[in-house]
Amino acid sequence: MKIASWNVNSLKVRQQHVLDWLKESDVDVVCLQEIKLVDEKFPTKAFEEAGYNLAVHGQPTYNGVAIISKHPLEDVRRGLPGDKSDDQARYLEAAISCQDGIVRVASIYLPNGNPVDTEKYPYKLKWMERLRKHAVKLLAAEERFVLAGDYNVIPTADDVHDAEAWSGDALFRLETRQAFRKIVNLGLTDAYRACHTEPHQYTFWDYQGGAYRKNHGIRIDHLLLSPQAADYLQGCAIDQYVREWEKPSDHVPIWCELELAA
DNA sequence: ATGCCGGGCGAAGCCCGA
């Protein structure tokens with residue numbers, strides 16, 4: 001089963017990109033972030049006609065996450081537990097069942113957190129702690145799961161073109177990396193790092209200043225696997241070529257393959 | 001270079017992203 005994550009930066013603008021990429025990548029499941037749509041405006045028909053099942057947790061203008069799957073979606077959960085006052089659509093979870101078994105998948109759009117001297121940064125850190133607590137609960141079930149998303153976290157200096165320049169940024173500052181490690185160190189596997197050791201592989205390049213041309217990127221989109229899922233990990237890749245399409249998202253898809261039949 | 005792009009909203013210019 002191939003499971004992907006992609007921050008599309010507006011599904012309205014990127015709908016055809018997603019349909020084209022689904023066709024050629026042949027992934028089973030893609031977790032989308034920043035769809036920037038309310039549920040009613042989701043292009044349900046286009047994806048259903050292409051043969052996909054959908055779960056959507058939308059919101060006007062900002063945020064919004066979705067899961068698009070060839071296989072049926074069950075036990076859909078909208079929103080990250082732990083704060084009833086949080087109305088930002090950043091978390092969606094569903095169980096995907098195919099003939100070789102079930103994998104629980106979450107689409108995550110973790111808060112950016114900049115500027116760090118505003119309420120945005122503590123919101124990010126609290127959100128990460130809520131995610132950690134939720135991961136503890138998921139792990140207790142001893143199931144296969146993939147937490148896929150735009151984490152807005154640069155895990156190490158190898159995951160950014162200029163670590164010095166990013167040292168104070170909400171995506172890279174020490175507290176952020178510590179909070180991320182607290183999640184990973186519960187026993188999750190960063191699928192990309194489990195399959196690749198080479199540094200400076202990125203999933204995001206800013207639109208500004210020719211960042212893509214200069215390869216000034218960051219690796220912030222991650223697939224975190226439970227031990228039960230990591231046992232079946234066969235490969236992981238970043239589809240960087242999508243960044244060269246006409247009017248691209250600033251993020252590219254990342255996917256992993258679980259060989260469930262093995 | 002915390003706004004150089006690019007999107008939303010809505011019809012000009014501000015808010016937001018990373």
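Naming: A, B, ... by sequence-line order, numbering from 1 per chain.
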Ring center gap for A/W21 and A/W6 short of 6.0 angstrom: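 A/W21 vs A/W6: aromatic centres under 6.0 Å.
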Please tell me whether A/N7 and A/E34 have a donor and an acceptor in their side chains that are separated by less than 3.5 angstrom. yes
Would A/N9 and A/H251 count as a side-chain contact (heavy atoms from CB on, under 4.5 Å) if you check the C-alpha gap in whole Å, the side-chain angles of each, and the deciding distance to 0.1 Å? CA-CA 8 Å; A/N9 184 22; A/H251 296 249; 5.7 Å; no
B/dC9, OP1 or OP2 - any side-chain N/O from A/K36 closer than 4.0 Å? no
Phosphate OP1/OP2 of B/dG7: any A/T61 side-chain N/O under 4.0 Å: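 Checking B/dG7 against A/T61, no side-chain N or O comes under 4.0 Å of OP1 or OP2.
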On DNA chain B, does the nearest nucleotide to A/G209 precede the nearest nucleotide to A/I35 from the 5' side, or the other way round? Give the residue. A/G209
Quick check: on DNA chain B, is the nucleotide nearest A/L171 upstream (toward 5') of the one nearest A/G210, or the reverse? Name the residue that is more 5'.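 Closer to the 5' end of DNA chain B: A/G210.
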Between [atom2] of [N] and [atom1] of [X], the distance in whole Å:
X	N	atom1	atom2	answer
A/Q208	B/dG3	CD	C1'	5 Å
A/L110	B/dG17	CG	C1'	14 Å
A/L37	B/dG7	CG	P	14 Å
A/D150	B/dC16	CG	C1'	14 Å
A/N63	B/dG8	CG	P	13 Å
A/F204	B/dC5	CZ	C1'	10 Å
A/H251	B/dG6	NE2	C1'	12 Å
A/N9	B/dC15	CG	P	19 Å

Look at all strands and tell whether [X] reaches a base, only sugar-phosphate, or nothing, counting heavy atoms closer than 4.0 Å.
X	answer
A/N7	sugar-phosphate
A/K124	nothing
A/N152	sugar-phosphate
A/Y212	nothing

Going by heavy atoms in the side chains, are A/T176 and A/L171 under 4.5 Å from each other? no
Nearest-Å distance once atom [atom1] is located in both [N] and [M]:
N	M	atom1	answer
B/dC14	B/dG3	C1'	13 Å
B/dA1	B/dA12	P	35 Å
B/dG13	B/dC4	P	15 Å
B/dC15	B/dG10	C1'	13 Å

Taking only the side-chain heavy atoms of A/E34 (C-beta and beyond), determine which of B/dG7, B/dG17, B/dG8 contains the nearest atom.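 Nearest to the side-chain atoms of A/E34, counting from C-beta on, is B/dG17.
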Quick one: which of A/V76, A/L138, A/L147 gives a side-chain contact (heavy atoms from CB on, under 4.5 Å) with A/E93? A/L138
With rounding to the nearest 0.5 angstrom, report the CG to CZ distance, A/L110 to A/R90. 7.5 Å
